[in-house]
Amino acid sequence: MTSHLRQKQVVSAYIHIPFCEHICYYCDFNKVFIEGQPVDEYVNLLVREMSLTMANYPDYEINTLYIGGGTPTSLTAKQLDRLLEGVHKYLPINRLVEFSVEANPGDIDKEKMAVLKYHGVNRLSMGVQSFHDEILKKIGRVHTKKDIFKSVDQARKSGFENISIDLIFRLPKQTIPLFKESLQQALSLDLPHYAVYSLILENKTVFYQLMRKGKLHLPSDDEDADMYELAMEMLDSAGRKQYEISNFALSGYESIHNKTYWQNGHYFGFGAGAHGYIEAMRYKNNGPIQHYLDPLKINQLPIFSKENLSKKQIMEEELFLGLRQIEGISQELFLKKYAIPVKEVYGQTIYDLIDKGLLEEKDGYIKLTKRGIFLGDTVFQSFLG
Ligand code: SF4
């Protein structure tokens, strides 16, 4: 009898909404300006992608869902409702523990919040970036400080308490005292979760062009490190424990979905340009909207590329991603997952990084030192073959 009962695989899922109502000067995410885009058609075919995909994976269950972008809240309440109805209809989410949606301050209205709440969304991640109107303008955001407070208030009134906000440092015109003020304002909201990133200059962004013309003036590397240190100190003193390079939370509010990524777990990716990782296979969907929609119109999946990872590649990613977590990599878990001790595979690299003061071994874990946290990228790169 029991031989018919197969154990379900528990994975996560990411859903991408590639539309934005404005384009920020630093952003290189996969997104387009929403005006004139076939948004209704996108929502319908996104739901179709979920149904086609899940028909191929009947033995899977999804325990965390994340709708990101772009700007998911650029959809109308009606479009959000249709999307979320599709999610419930086609995704196996009976045992869902975390359902996050990204929201932009200013886009959060009562009606949209009610739709999200009705469909079981239990976590909001808000792209705040800064509490200074002048800086927000400089980076191409259209919300203001007032919008941030209003949106958090609206989210709470709508019944959301698990709210995270993103902040960025090393922005043009940003000084250490100004960043400190942003952190203070952020903490005054008393949220359970904060994510703090240093600005990265990406190709094909307005900032990159300005930088090439010598017209972008950013805080120095030293100021960048000071800002990061300040964020760590202030968030830690406020009881928001750092659990990943950029993420801080009250105990019990760490993002379960993001931990799936850092722990090299599996996930489906739905939407234009989305990535997925299922059964040692990484895949990527077509990015341009029409290239994403066309195959779906004839009931085909819009997959652009697939790659089957070797055991070596999977182990590399385990370290590359896992070391982002402040607790580090469990040697016991590594052995259980890959049937080989981590030091037998990466001993040389690990000891080199310990010698350089970037890694340390503690209670069976291999983790970044304080210095390693500042030089994370150097550490992670060392594990890539
Ligand atoms: S940062 Fe967010 S809101 Fe701004 S363009 Fe990028 S995806 Fe859109």
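Each ligand, and each atom within it, is numbered from 1 in the order the structure gives.
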(message) For the residue pair Gln263 / Gln325, report whether a side-chain donor-acceptor contact shorter than 3.5 Å exists.
(response) yes
(message) Any atom of ligand 1 sitting under 4.0 Å from a heavy atom of Gln129?
(response) no
(request) Could you verify whether a donor N or O on one side chain and an acceptor N or O on the other, from Tyr292 and Glu49, lie under 3.5 Å apart? (result) yes
(message) At a cut-off of 2.8 Å, what protein N/O/S atoms sit near atom 8 (Fe) of ligand 1?
(response) Cys20 SG
(message) Between Phe248 and Tyr243, is the ring centroid distance below 6.0 Å?
(response) no
(request) Please report the closest heavy-atom contact between Leu167 and Ala186, naming both atoms and the distance. (result) CD1-CB, 3.9 Å
(request) Report the residue from Arg282, Arg324, Lys311 that forms a salt bridge (charged side-chain N to carboxylate O under 4.0 Å, His left out) with Glu317. (result) Arg282
(message) Using 0.5 Å steps for rounding, measure from the SG atom of Cys20 to the CD atom of Gln37.
(response) 10.5 Å
